[in-house]
4 protein chains.
Amino acid sequence: MNTQQTAEGAARPAGRPRSEKAERSIIEATLDLLGEGIGVSELSIESIASRAGVGKTTIYRRWSNKEDLVVDALATLKPPIPLPQGGTVRDDLVTYLRVIQEETRHLRTRCIMNIAMSDSERHPRLAERFRELAVEPRRAVVAAVLRRGMDTGELRADLDVDMALALLSGAMVWLTKWSDGHSPADLPERIVDEALKGFRPRPAE
Amino acid sequence: MNTQQTAEGAARPAGRPRSEKAERSIIEATLDLLGEGIGVSELSIESIASRAGVGKTTIYRRWSNKEDLVVDALATLKPPIPLPQGGTVRDDLVTYLRVIQEETRHLRTRCIMNIAMSDSERHPRLAERFRELAVEPRRAVVAAVLRRGMDTGELRADLDVDMALALLSGAMVWLTKWSDGHSPADLPERIVDEALKGFRPRPAE
Amino acid sequence: MNTQQTAEGAARPAGRPRSEKAERSIIEATLDLLGEGIGVSELSIESIASRAGVGKTTIYRRWSNKEDLVVDALATLKPPIPLPQGGTVRDDLVTYLRVIQEETRHLRTRCIMNIAMSDSERHPRLAERFRELAVEPRRAVVAAVLRRGMDTGELRADLDVDMALALLSGAMVWLTKWSDGHSPADLPERIVDEALKGFRPRPAE
Amino acid sequence: MNTQQTAEGAARPAGRPRSEKAERSIIEATLDLLGEGIGVSELSIESIASRAGVGKTTIYRRWSNKEDLVVDALATLKPPIPLPQGGTVRDDLVTYLRVIQEETRHLRTRCIMNIAMSDSERHPRLAERFRELAVEPRRAVVAAVLRRGMDTGELRADLDVDMALALLSGAMVWLTKWSDGHSPADLPERIVDEALKGFRPRPAE
DNA sequence: ACATAATCGAGACGGTACGTCCCGTCTTGTT
DNA sequence: AACAAGACGGGACGTACCGTCTCGATTATGT
């Protein structure tokens, strides 16, 4: 986490203030390198400094270790694709999975996802950050979609929202990771349809 | 992959044969270190050699790189817990998920799983090996359970076995990774029940 | 060399005048550090600024480089011991050498002399300054002593004054530097006597 | 001082022996850089390693600090010019001073001499080494010349040999350092003649 | 029994990156 | 305008490992 205090009432510290430009270029260089498939462990401070056109000191002055820097770098990433939520529940869920699928096709996103997925043991802060930034916002959106479905009667009224999300997302990730080849284009539909069969209310009930 | 040929009929090569003891202690040291939470990237040949009481050359002579060594080390791991398959389909599936849950409670298994999950980009061979050793055997067992259920009428006849496996396993992994706290004890039951509602045939259809 | 012009008629520049106190404390800190045995190369502007309680800018504003600062610092040093010139030529010369000897006993003077002696290759301005401040005044005094001796007949009338000075001073420095232990108390007498006699045997003595 | 034991009876240590070639090229690079006018303080291990085509570790493995390396480097230097000793005493002494004068004309020797002269406070081992290697051998040669002169009657029988050497060498160094311009070609003759005569007038001449 | 030969441990090799220190320059708000 | 404070890009420090390369010693087999 960045060391510099930005508290409102705090007196500005003496001396030259830290350069925002340098900070930005450091973050950018970090994301660049991560996006090129370089893992957190292989990522060297020196390479970041060199690409950012910055002295090593300027990095160490802000972040005491690599993990903190990567955490802050990931924090600047926007939730990549806004989720549409206007069609039927099935359509919205399919779209949601398709967004996940699409992201794994782009190297940069795939690498960053890998970073988040891996090493949650060694880099717990990193994983936590990813949860806040990437997982939680989507969870909220999909939860809204599911709840809408429960209201309109499209879904079971007693559906466990978190469980439903886990079934959908988990299946998508699992199949992408462990299926033989690359995920086929109709995978999102197939997952949603299979899962929905359980979410829907029984016709004669 | 180990270079030395041990084919039956092949003439024994001249010179001092490779020490099996050294080989074993190298593998053991590797698994030890991985089990202590050291990641593949952080794992150094030097530390393995030192812990195994072996020269670096003795390692490099057998494996041309770190990844190959880790692959071979993982290969010596047994499928940790045999899956019971005697009860109802629901019971067997719950047991399957409980095994996964149990494994993530032990540091060593958790670390090794993390290895497999992460870095599939940078270490594809490693991920592939993990698929063969850990994923595939379980997939077969669960598939058998599911097919038995389809035969007995406990499950839909048109169930997509792979999809069902993905929904169950994926949800388990997802919730373990992204839920707020640690996974509760009844998580396997809840996942299976939620998923089964979709796998079962409709009563009045 | 100090950049600020202090010429009488020049218009006083606008803005806050430079602090004389800062200037003095910078010089003092510099001499302190040099006197503690820190060489010119090891002497850091940062350490001077810190010891003087001054910002680095305040130093660089006055001197464009370290050498200039050291030159100015040396310039503030007084010719340490006034040379007596009242006795016989021999006595005055012995006193002169004893002054040199005495100076090398004090760490501070010894360090500053070392500065002057060394690095004349890398710091020619520094060596030149030392010549002006320390060597030349003494040369003048000793030259006067020698000339008095030539007038009174105590010394050869055709004596080469510069050469005589070089023989005396050079021998003193040489023996202090390269003799086995520390210079004995009677070294000045012995040098002067030996030099006065010459190497050749007296024809009729 | 080099760490490696070369004692006769000592058992050869295990592992790959240290490369003599690397050692030589390190020493050579060091002397090269010193000869180019780079001072001991400015001399960086990294520049030596780079010029010698050697890793930094290879240097640090042998010498724990820069001074030890420079000491060993200077130790490899031969006494540069053999002193002739066949003519009259005066001629031999002039030749001796001319050798010194000549050496100060070559950058490399001048630089190395400067190293030895300076910083005897901070680098006493270095100065001591220089005394052994450069000063002492010459002292011995000149002492022999002087003693020969004392035997043949060319010089006073009670001449203090060390003092005479100090007068000659000291004057040469002093004049080279502190005279206005560069030392004139006839400086050695003039010094020797002046020293030989002594300062006092001859009584019966 | 003895030469041949591959492997063993140890550790030096040329490198890369580490995190720290200091360089000389620059950019702030205050005096 | 000068001041202190301190951030800036840069370069060297001494350390830790990398993967490769010699070493003498060991341990088998084929004469």
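What you see below is based on every heavy atom in this structure, not just the backbone, and it leaves out hydrogens, waters and symmetry mates. Residue numbering restarts at 1 for every chain, and letters A, B, ... go by the order of the sequence lines.
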*Asks:* Is a donor-acceptor contact shorter than 3.5 angstrom present between the side chain of A:R16 and the base of E:dC26?
*Replies:*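 Yes, the side chain and the base share a sub-3.5 Å donor-acceptor pair.
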*Asks:* Tell me: CD1 of A:I59 to P of E:dT20, nearest whole Å?
*Replies:*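 Answer to the nearest Å: 13 Å.
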*Asks:* Nearest whole Å is fine: how far is E:dC13 C1' from D:E20 CD?
*Replies:*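 Nearest whole value for this atom pair: 15 Å.
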*Asks:* Which is more 5' along DNA chain E, the nucleotide nearest A:L43 or the one nearest D:A22? Just name the residue.
*Replies:*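 Per heavy-atom nearest nucleotide, the more 5' residue is D:A22.
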*Asks:* To the nearest 0.5 Å, how far apart are CD1 in D:I38 and CD in D:E42?
*Replies:*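 Result: 8.0 Å between the selected atoms.
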*Asks:* List, with names and distances, any nitrogen or oxygen atoms from the protein found under 3.5 Å away from nitrogen or oxygen atoms belonging to nucleotides 15-17 of chain F.
*Replies:*
none

*Asks:* For B:I48 and E:dA10, what is the distance between atoms CD1 and P respectively, to the nearest whole Å?
*Replies:*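 Whole-Å distance recorded here is 16 Å.
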*Asks:* Can you name the residues that form a salt bridge (charged side-chain N to carboxylate O under 4.0 Å, His left out) with B:E46, not counting sequence neighbours?
*Replies:*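 By the salt bridge (charged side-chain N to carboxylate O under 4.0 Å, His left out) rule, B:E46 matches B:K56.
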*Asks:* Within this structure, what is the CD1-to-P distance between A:I26 and F:dA7, rounded to whole angstrom?
*Replies:*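 Those two atoms, CD1 and P, are 13 Å apart.
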*Asks:* Atom CG of A:L43 and atom CD of A:E67: how far apart are they, to the nearest 0.5 Å?
*Replies:*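 A:L43 atom CG to A:E67 atom CD measures 12.5 Å (nearest 0.5 Å).
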*Asks:* Rounded to the nearest 0.5 Å, what's the gap from OG1 on D:T30 to CD1 on D:I48? Could you check?
*Replies:*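 Interatomic distance, D:T30 OG1 to D:I48 CD1, rounded to 0.5 Å: 3.5 Å.
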*Asks:* Taking only nitrogen or oxygen atoms into account, show me every contact under 3.5 Å that the protein makes with nucleotides 1-4 of chain E, one pair per line with its distance.
*Replies:*
none

*Asks:* In whole Å, what is the span from the CZ atom of B:R62 to the C1' atom of E:dG9?
*Replies:*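 Result: 13 Å.
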*Asks:* Of the nucleotides F:dT26, F:dC3, F:dG9, which one has an atom closest to the side chain of A:T58?
*Replies:*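 Closest nucleotide to the A:T58 side chain: F:dG9.
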*Asks:* Can you see which heavy atom on A:V54 is nearest to which on A:A22, and at what distance?
*Replies:*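 Smallest interatomic distance, heavy atoms only, reads CG2-CB, 4.2 Å.
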*Asks:* Can you confirm whether D:E36 is buried at CD, in the sense that more than 12 heavy atoms of other residues, nucleotides or ligands lie under 6.0 Å from that atom?
*Replies:*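 For D:E36, atom CD is crowded (more than 12 foreign heavy atoms under 6.0 Å).
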*Asks:* As a test of reading the structure: which of E:dG11, F:dA7, E:dT7 is closest to the side chain of B:R18, going by heavy atoms?
*Replies:*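 Closest nucleotide among those given: E:dT7.
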*Asks:* If I take atom CG from residue A:L74 and atom CD1 from residue A:I27, how far apart are they, to the nearest 0.5 angstrom?
*Replies:*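 Answer for the CG-CD1 pair, A:L74 versus A:I27, is 9.0 Å.
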*Asks:* In terms of the nearest nucleotide of DNA chain F, which residue is placed more toward the 5' end: A:G55 or C:V54?
*Replies:*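 It is C:V54, whose closest nucleotide lies nearer the 5' terminus.
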*Asks:* Report yes if a donor N or O on one partner sits less than 3.5 Å from an acceptor N or O on the other, where the partners are the side chain of B:R61 and the base of E:dT7; otherwise report no.
*Replies:*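 Checked by distance alone, the answer is no.
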*Asks:* Of D:S19 and B:A52, whose closest DNA chain E nucleotide lies nearer the 5' terminus?
*Replies:*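 Closest to the 5' end, via its nearest nucleotide, is B:A52.
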*Asks:* Rounded to the nearest 0.5 Å, how far apart are CZ of C:R24 and OG1 of C:T76?
*Replies:*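 So the gap between those two atoms works out to 12.0 Å.
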*Asks:* With a 4.5 Å heavy-atom cut-off, do C:V71 and C:W63 have their side chains touching?
*Replies:*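 No - every pair of side-chain heavy atoms lies 4.5 Å or more apart.
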*Asks:* Given atom NZ of D:K66 and atom C1' of F:dA12, what is their separation to the nearest angstrom?
*Replies:*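 Roughly 10 Å, once rounded to whole Å.
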*Asks:* A:E42 CD to E:dT16 P: how many Å, rounded?
*Replies:*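 One finds 17 Å between P of E:dT16 and CD of A:E42, rounded.
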*Asks:* Whole angstroms only, please: what is the CG-P distance between D:L69 and F:dG14?
*Replies:*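 Spelled out: CG on D:L69 to P on F:dG14 is 11 Å.
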*Asks:* Taking atom CZ of A:R62 and atom OG of A:S19, what is their separation to the nearest 0.5 Å?
*Replies:*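 If I round to the nearest 0.5 Å, the distance is 6.0 Å.
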